[in-house]
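Notes follow the structure.
Basis for what follows: all heavy atoms, side chains included, without hydrogens, waters or symmetry-related copies. Just so we're on the same page: letters track the sequence lines, and every chain starts at 1.
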Amino acid sequence: MSPDVEPLGQLRRTHTAGELTAADTGKDVVLLGWVHRVRDLGALVFFDVRDRHGVTQVVGRDDHPGAADAAKRLRPEFVVAVQGRVEKRSKEAVNPKIRTGEIEVVARDIRLLNDAKTPPFPINEESNVSEETRLRYRYLDLRRPKLQQNLILRHKAAFAVRRYFDEQGFLEIETPILTKSTPEGARDYLVPSRVHPGEFYALPQSPQIFKQILMISGLDRYFQIVKCFRDEDLRADRQPEFTQVDLEISFATESLVFSILEPLMGRLMALIGRDAPAPFRRMPYAEAIAKYGSDKPDLRVGMELKDLSEPFGSSEFAVFRNAIAKGGEVRGFVVPNAARYSRKELDQINDEVKQLGGAGVVWARRAEATVQSSGLKAAGEEVIRRALELAGAGPADLLLLAAGPHAPTARLLGALRLSIAKRENLLDPNRYEFLWVVDFPMFEWLEEQNRWEFMHHPFTAPLESDANRLESDPGSVRARAYDMVLNGSEIGGGSIRIHDQRLQRLIFKLLGMSDEEAKLRFGFFVDALEYGTPPHGGIALGLDRIIAILAGEQSIREVIAFPKTAQAVDLMAGAPSLVDARQLRELRIKAGE
RNA sequence: GGGGUCGUAGUUCAGUUGGUUAGAACGCCGGCCUGUCACGCCGGAGGUCGCGAGUUCGAGUCUCGUCGGCCCCGCCA
């Protein structure tokens, strides 16, 4: 079947498919869009015209037999022009489920602008289609109302960001996409230079150095909505290219940055009819790790971690006692109303802990006058009872315990806490808990490489109170770095930067970078620092993650028009792909394997 | 790099202990139908059981390998 396709000619759209109401009754209109569904009743044919604004019912009747005939030949996803008159529907025929349900368009002329193959999946919201198929046919997936709503929300958010920063005196300034590789941090995407054979540009992991240079240049307040690239493995919230709302402020302090960012989040939350009450809670990194086992705690759930070492320090329970003796601790948290867990569920939890890299968990609960615990035999009733008391576990609650060095044990329990929160459905999708995590450690110790590495990036300033320990005790120095966290998701991170070139050199030295090395990698930047650098700081927000949370999506793929799979493949475009041998020759590149 | 999970009609899925011709719903095609809106009714077509080996008289089902989607660990300044 290959129906005749007609030209658009002089027809022009008078209304979208989402706007006609009873007030338009009697108007002569032209709708342009896709056939959503056809209901052929014989001499009477209904179909819905769909565009991104909505759906409008069109009727083909015997008062315009030509139009009725044309309507009978329509199939889903055909592109049509409909000319006709708006009629108010009879009371029984009103469809309250759609905005245009009060009316219908009685077709006088139906033009088929294009036909369509039967789509591999239906274009409506209810259908649940494998993501693989959706990604392969992304152009069809993007016709679905949900994805269109997500992209509309994203547009509105980006627009609100631009308007807000303009109001606050920021300038949007573009920075290079072809730039210099800095091997620290994430793996770079490299772009070969044809003009300089054997040399490469790198795609930016973020515009970090450029925005700092803009501060040195006196641009005062910069922002940009910008693509960033990191060649690392993917996750539900990580794509190889992603979008940051990047900003930098001269003469900034933490409180200035926060006071600018908090109202911005308020504007974004307003897009979904919510707010972001300022000021956000602030939590030191050390507290986040101790209480939640995470540097991005989800504050929608309680179940705080507690140190429960006391009863185990001198107990018979060798594993726990030894962990404490070695400078570690016993940590645990209470799962409310989980005393009912079956043996099978408790085993599952233990398996999960092992999969997360832990040795396992010990569980404990009250039972009538006595207690039950997987550690009962080893620790004895009194110790378990004491631990339950210390943890504040009630009769219906379950206590989960692990032992070892502080941070790894806390992180293990933190991961378990989140997984149990999911299992128990405790993560309320209608709650939004913002916080700032502050006072990150300046450095982390790389065991394998026997050296310190910066935790944030090498331009982050130390807390003034800690700076005198930079050389004597670098592990204890806290950084003026901060993360914005929303519902357990890191949605932004930034810092107050080093503006003193002497301090910057010292930091490079501490990181084991010689003057020559530093010069090679960041020479231009260190040079620039010497020409009157104002104190400055900033932050970058993960736009994809923010939109995903606002849209209620579990994956940022749902708010990116053309995302990649977990293997970094664009299933629609077929990227990456082999390239022409001539292209490679021109670049003096030999492809491996 | 590692772990988990999934892969059967266009789509979403079922498929028993390894046993006849692999099913359902939706979609698609044809017919009927003047108030439908997930229209309804009647009929029909549609399968490389992801791919490749192996075990077996016999494999959608068991084994090994491999490819792909998703989730997690590592990684992600």
Next on the checklist: Using a strict threshold of under 4.0 Å (side-chain N to carboxylate O), is an ion pair present between A/K296 and A/D483?
Outcome noted: no
Next on the checklist: Under 4.0 Å between a side-chain nitrogen and a carboxylate oxygen: does that hold for A/E517 and A/K509?
Outcome noted: no
Checklist entry - Nearest to the side chain of A/A236 - B/rC70, B/rC39, B/rC71? => result B/rC71
Item to check | Euclidean distance for C1', B/rG7 against B/rC29 (whole angstrom) | outcome: 28 Å
Item to check | Integer angstrom distance from the P of B/rC26 to that of B/rG43 | outcome: 14 Å
Checklist entry - How long is the line joining CZ of A/R235 and C1' of B/rG4, in whole Å? => result 13 Å
Checklist entry - Do the charged groups of A/R85 and A/E104 touch, with an N to O distance under 4.0 Å? => result no
Next on the checklist: Under 4.0 Å, counting only non-hydrogen atoms across every strand here, what does A/R557 touch: a base, just sugar-phosphate, or nothing?
Outcome noted: sugar-phosphate
Item to check | No-H, no-angle donor-acceptor pair, A/R238 side chain to B/rC76 base, under 3.5 Å | outcome: yes
Next on the checklist: Between A/F459 and A/F522 (judged by ring centroids, cut-off 6.0 Å), do the two rings come close enough to count as a pair?
Outcome noted: yes
Next on the checklist: Checking contacts here: which listed nucleotide (B/rG1, B/rG69, B/rG35) is nearest the side-chain heavy atoms of A/E104?
Outcome noted: B/rG35
Checklist entry - What nucleotide among B/rU12, B/rU34, B/rG69 has an atom nearest to a side-chain atom of A/V569? => result B/rG69
Checklist entry - If you look at every strand shown and take non-hydrogen atoms under 4.0 Å, does A/A43 touch a base, only sugar-phosphate, or nothing? => result base
Checklist entry - Are any of the side-chain nitrogens in A/R143 or A/E77 under 4.0 Å away from the carboxylate oxygens of its partner? => result yes
Checklist entry - Roughly how many Å is it from CD1 in A/I349 to P in B/rG4, rounded to a whole number? => result 20 Å
Next on the checklist: Looking only at side-chain N and O atoms, does A/D188 offer a donor or acceptor that is under 3.5 Å from a partner on A/Q205?
Outcome noted: yes
Next on the checklist: Assess, by modelled atom type and distance only, whether the side chains of A/E352 and A/S419 contain a donor and an acceptor separated by less than 3.5 Å.
Outcome noted: yes
Checklist entry - Across all strands, who's sitting opposite B/rC70 as a Watson-Crick or G-U wobble pair, both distances under 3.5 Å? => result B/rG4
Item to check | Nucleotide B/rG74, atom P - distance to CG of A/L234 in whole Å | outcome: 15 Å
Item to check | Base of B/rC37 paired with side chain of A/R89 (donor-acceptor, under 3.5 Å) | outcome: yes
Item to check | Shortest side-chain distance from A/P76, nucleotide among B/rU34, B/rU11, B/rC28 | outcome: B/rC28
Item to check | Inter-nucleotide P distance (B/rG19, B/rC28), Å rounded | outcome: 35 Å
Item to check | Inter-nucleotide C1' distance (B/rA9, B/rC49), Å rounded | outcome: 10 Å
Item to check | B/rG40 pairs with, by Watson-Crick or G-U criteria that keep both distances under 3.5 Å | outcome: B/rC32
Checklist entry - If you look at every strand shown and take non-hydrogen atoms under 4.0 Å, does A/Q57 touch a base, only sugar-phosphate, or nothing? => result base
Checklist entry - For the side chain of A/R37, counting heavy atoms from C-beta on, which of B/rG69, B/rA38, B/rC71 is nearest? => result B/rA38
Item to check | ring centroid sep under 5.5 Å plus plane angle under 30, A/F46 with B/rU36 | outcome: yes
Checklist entry - A/A566 has a side chain; which of B/rC75, B/rC70, B/rU34 sits nearest to it? => result B/rC70
Checklist entry - If you check the A/D233 side chain, which of B/rG35, B/rG74, B/rU12 turns out closest? => result B/rG74
Checklist outcome for this item: Heavy-atom nearest nucleotide on RNA chain B taken for A/V129 and for A/D48; more 5' hit belongs to A/V129
Checklist entry - When the C1' atoms of B/rC67 and B/rA24 are considered, how many whole Å apart are they? => result 29 Å
Checklist entry - Quick one: the side chain of A/R75 and the base of B/rG27, do they pair up donor-acceptor inside 3.5 Å? => result no
Item to check | hbond_proxy A/E132 side chain to B/rG50 base (donor-acceptor, 3.5 Å cutoff) | outcome: no
Next on the checklist: Whole angstroms only, please: what is the CG-P distance between A/N128 and B/rA25?
Outcome noted: 18 Å
Item to check | Short side-chain donor-acceptor distance under 3.5 Å, A/Q57 and A/N95 | outcome: no
Next on the checklist: Over all strands shown, is A/S206 touching base, sugar-phosphate only, or nothing at heavy-atom distances under 4.0 angstrom?
Outcome noted: base
Item to check | d(NZ, A/K564; C1', B/rG69) in whole Å | outcome: 17 Å
Checklist entry - Between B/rG69, B/rU11, B/rC76, which one does the side chain of A/E131 approach most closely? => result B/rG69
Next on the checklist: I'd like to know if A/D69 and A/K72 make a salt bridge, using a cut-off of under 4.0 Å between side-chain N and carboxylate O.
Outcome noted: no
Next on the checklist: Does B/rG69 have OP1 or OP2 under 4.0 Å away from a side-chain N or O of A/T565?
Outcome noted: yes
Next on the checklist: Whether the side chain of A/R230 and the base of B/rC75 hold a donor-acceptor pair under 3.5 Å is what I'd like checked.
Outcome noted: no
Checklist entry - Now, which nucleotide makes the Watson-Crick or G-U wobble pair with B/rU63, with each of the two distances under 3.5 Å? => result B/rA53
Checklist entry - How is A/P122 classified with respect to the nucleic acid when contacts are heavy atoms under 4.0 Å: base, sugar-phosphate, or nothing? => result nothing
Item to check | Atom C1', compared across B/rC32 and B/rG68: separation rounded to whole Å | outcome: 45 Å
Next on the checklist: Could you identify the nucleotide paired to B/rG46, looking across every strand shown and requiring Watson-Crick or G-U wobble geometry with both distances under 3.5 Å?
Outcome noted: none
Item to check | Any A/K97 side-chain nitrogen or oxygen under 4.0 Å from OP1 or OP2 of B/rA38 | outcome: yes
Next on the checklist: When you measure only distances, ignoring hydrogens and angles, does the side chain of A/R61 come within 3.5 Å of the base of B/rG35 through a donor and an acceptor?
Outcome noted: yes
Next on the checklist: On the nucleotide B/rG7, are OP1 or OP2 found under 4.0 Å from the side-chain N or O atoms that A/S130 carries?
Outcome noted: no
Checklist entry - When the P atoms of B/rG18 and B/rC62 are considered, how many whole Å apart are they? => result 8 Å
Item to check | 5' priority, RNA chain B, between A/Q208 and A/A568 [closest heavy atom] | outcome: A/A568
Checklist entry - Rounded to whole angstrom units, what separation is found between the CD atom of A/E77 and the C1' atom of B/rU11? => result 14 Å
Checklist entry - A/Q355 has an atom CD; how far is it from atom P of B/rC71, in whole Å? => result 16 Å
Checklist entry - Which part of the nucleic acid does A/D62 contact within heavy-atom distance under 4.0 Å: base, sugar-phosphate only, or nothing? => result base
Checklist entry - Separation of A/F47 atom CZ from B/rC39 atom C1', in whole Å? => result 16 Å
Checklist entry - Between B/rU36 and A/R39, is there an OP1 or OP2 to side-chain N/O distance shorter than 4.0 Å? => result no
Checklist entry - Can you tell me if A/Q212 and A/H536 form a side-chain donor-acceptor pair at under 3.5 Å? => result yes
Checklist entry - Which nucleotide, in any strand shown, forms a Watson-Crick or G-U wobble pair with B/rA25, with both distances under 3.5 Å? => result B/rU11
